Protein chains: 2
Amino acid sequence: MHTKNINTHRIEIRDYFMAAISVDCVIFGFDENELKVLLIESDLKEYKGQPSLLGDIVHPDEDLETAAYRVLRERTGLEDVFMEQVQAFGGINRHPAGRVVTIAFYSLVNIQHAKLKTQDNELHWHAVKDITDMAFDHRNILDTCYQRLQAKVIDQPVGFNLLPRKFSLRDLQNLYEAILDVKLDRRNFRKKFFAMDYLVDLNEEEKDVRHRPARLYKFNHDKYNLQHKKSLGF
Amino acid sequence: MHTKNINTHRIEIRDYFMAAISVDCVIFGFDENELKVLLIESDLKEYKGQPSLLGDIVHPDEDLETAAYRVLRERTGLEDVFMEQVQAFGGINRHPAGRVVTIAFYSLVNIQHAKLKTQDNELHWHAVKDITDMAFDHRNILDTCYQRLQAKVIDQPVGFNLLPRKFSLRDLQNLYEAILDVKLDRRNFRKKFFAMDYLVDLNEEEKDVRHRPARLYKFNHDKYNLQHKKSLGF
DNA sequence: TCAAAAGTGTTCTTAGTACACCCATGT
DNA sequence: ACATGGGTGTACTAAGAACACTTTTGA
């Protein structure tokens with residue numbers, strides 16, 4: 001019993017059980033006041049036509065994050081976006097082709113900037129609320145990542161990554177309401193965000209709306225990066 | 001480019017790059033008013049004599065959590081303890097023997113109950129505050145798990161897992177002060193814990209102390225499991 | 001002039017923080 | 001009797017929640 005341990009003894013890796021390592025990306029977007037996730041149709045006979053996360057095998061020369069960014073880039077053309085590892089999923093039979101341990105990441109992208117590269121398979125944005133079944137254990141992975149996102153936006157203002165550069169406070173509130181699945185009080189919401197210094201008033205307004213136009217803001221990345229990020233607390 | 005994708009196409013795993021999968025356990029204990037972690041001495045020439053986390057290769061018939069519980073059991077004899085996956089660490093050169101992706105778990109154990117099974121290597125409890133260098137990337141893993149623990153105890157009353165079945169409020173406060181590395185106000189601390197219903201008064205007192213003996217409590221697991229666990233907020 | 005959403009302050013309630021004295025025990 | 005840490009309550013402060021009317025635009 002553990003006479004040869006990987007942390008304490010010189011062992012030969014090839015003598016041991018090995019598995020394929022993959023990354024799976026939960027790519028969130030925000031459109032039409034709904035939180036969306038980018039999914040592709042699986043061709044595996046076991047999951048024919050069911051939506052699947054975007055993932056791939058990790059290459060020998062890549063660390064996990066690099067592989068996840070590669071998947072994101074290959075599918076959306078996006079490079080510098082918010083991404084965070086969530087956890088590993090390693091159920092014995094989670095993949096029909098054999099033992100595959102996958103590391104789940106979620107990322108937050110501006111859905112307008114994504115240039116979807118559909119190839120063989122259907123690649124689409126799905127409203128998170130409307131997703132029913134998924135291939136593999138991907139439903140479980142999605143749920144876990146979504147919960148992580150909910151905890152994250154309460155704690156730090158990462159939601160901006162899902163919006164266009166210019167946005168109104170209504171946009172921002174709609175975003176939070178969609179992610180957290182709650183209704184928020186408009187005045188208290190505004191108060192909270194103005195109290196932080198993360199919003200920059202662009203002195204611009206919405207155009208072509210048939211009601212009073214809203215002021216537009218952008219996110220102040222500099223202040224965010226400096227400041228030790230305090231909780232928002234919804 | 002991704003013409004053969006693991007999520008969308010039937011592939012043969014053996015045609016792809018594979019890696020060893022390991023689990024590493026950050027086993028926390030609490031003793032002498034200090035947060036401790038169980039470490040073993042590494043014999044690898046690269047890290048000779050440096051302390052290492054307890055870990056092992058994942059077996060073909062084990063999922064990740066099962067492997068982590070096995071490591072815990074083999075080293076401490078403990079079975080039913082609090083454990084949580086944190087994240088994967090997959091740096092290309094993190095292990096000198098080759099590509100090893102490790103999944104980090106932390107667990108909270110009653111240090112008195114642990115029956116350490118030292119075999120070839122030195123296995124000891126180290127005060128978290130006093131640890132300097134560690135083998136591999138284990139310092140990074142430990143730091144990440146410790147931060148996760150700090151966030152967790154603020155949010156949910158998991159600290160009980162580190163204490164004996166019977167404990168005083170002073171014990172509990174010492175525990176929180178050690179984990180969070182802060183001083184807490186005694187009256188406010190008591191108020192907070194009595195406001196939750198998680199403490200059961202045992203109507204017993206400390207013995208053989210040369211001051212007024214403290215009342216002893218136990219944790220009410222039933223209430224905790226039922227209730228939707230609200231934040232403690234320190 | 002109407003419909004639609006933007007913008008704006010105050011009060012109330014709750015949770016958190018700060019703080020000092022008496023009590024029970026062993027020596 | 002004294003040294004040590006246990007046990008307790010109140011006042012202040014900050015944050016969050018509830019809530020309604022006026023303004024600006026396009027149709």
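Predicted, not measured: the structure shown is a model, and the values here were computed from it. Labels below follow one simple rule: chain letters A, B, ... track the order of the sequence lines, proteins then strands, and each chain is numbered from 1.
- If you find the closest nucleotide of DNA chain C to A/Lys191 and to A/Ala214, the one lying nearer the 5' end belongs to A/Ala214.
- When all heavy atoms of B/Cys25 and B/Ala68 are compared, the closest pair comes out as SG-O, 3.5 Å.
- In the model, B/Tyr106 has a side-chain atom that pairs as donor or acceptor with a side-chain atom of B/Glu84 under 3.5 Å.
- Between the axis at the start and the axis at the end of the helix from C/dT1-D/dA27 to C/dT27-D/dA1 there is an angle of 0°, using five pairs per end and rounding to 10 degrees.
- Of all heavy-atom pairs spanning A/Phe136 and A/Arg94, the tightest one is CD2-O, 3.7 Å.
- Inter-residue side-chain proximity for A/Arg70 and A/Val23 is flagged as unmet; no heavy-atom pair is nearer than 4.5 Å.
- With a cutoff of under 4.0 Å to any heavy atom of chain A, the contacted region of DNA chain C is bounded 5' to 3' by C/dA4 to C/dT10.
- Here the closest heavy-atom approach between residue B/Leu108 and residue B/Val81 is recorded as O-CB, 3.9 Å.
- Using a 4.0 Å heavy-atom criterion, one finds that B/Arg170 contacts the sugar-phosphate atoms exclusively.
- For an aromatic pair to be called close, the ring centres must be under 6.0 Å apart, and A/Phe82 with A/Phe28 fails this.
- Using a 4.0 Å heavy-atom cutoff across all strands shown, A/Arg215 reaches sugar-phosphate atoms only and no base atom.
- Remark: B/Phe160 pairs with B/Phe167, B/Phe219 by the ring-ring contact (aromatic ring centres under 6.0 Å, His included) rule, at least two apart or across chains.
- By the 4.5 Å heavy-atom criterion applied to side chains, B/Asn220 and B/Leu199 are not counted as neighbours.
- Nearest heavy atom pair, residue A/Asp24 against residue A/Gly55, reads OD1-CA, 3.4 Å.
- Sequence order on DNA chain D of the closest nucleotides to A/Val209 and B/Arg190 puts B/Arg190 first from the 5' end.
- Within the structure, side chain to side chain donor-acceptor pair (under 3.5 Å) contacts touching residues 158-174 of chain A (residues at least two apart or in different chains) are A/Asn33-A/Asn174, A/Lys166-A/Glu204, A/Ser168-A/Asp171, A/Gln173-A/Glu177.
- To the nearest 0.5 Å, the span separating CG on A/Leu169 from CG on A/Asp201 amounts to 9.5 Å.
- Using a 4.5 Å heavy-atom threshold, the side chains of A/Ile27 and A/Trp125 count as touching.
- Contact of the A/Leu149 side chain with the A/Leu35 side chain is registered, since non-hydrogen atoms from C-beta on lie closer than 4.5 Å.
- Contacts between residues 174-189 of chain B and DNA chain D, counted as heavy-atom distances below 4.0 Å, involve B/Arg186, B/Arg187.
- Between B/Arg210 and B/Leu216, the residue anchored nearer the 5' end of DNA chain D, judged by the nucleotide with its closest heavy atom, is B/Arg210.
- Reading DNA chain D from its 5' end, the first and the last nucleotide to sit under 4.0 Å from a heavy atom of chain A are D/dG16 to D/dG26.
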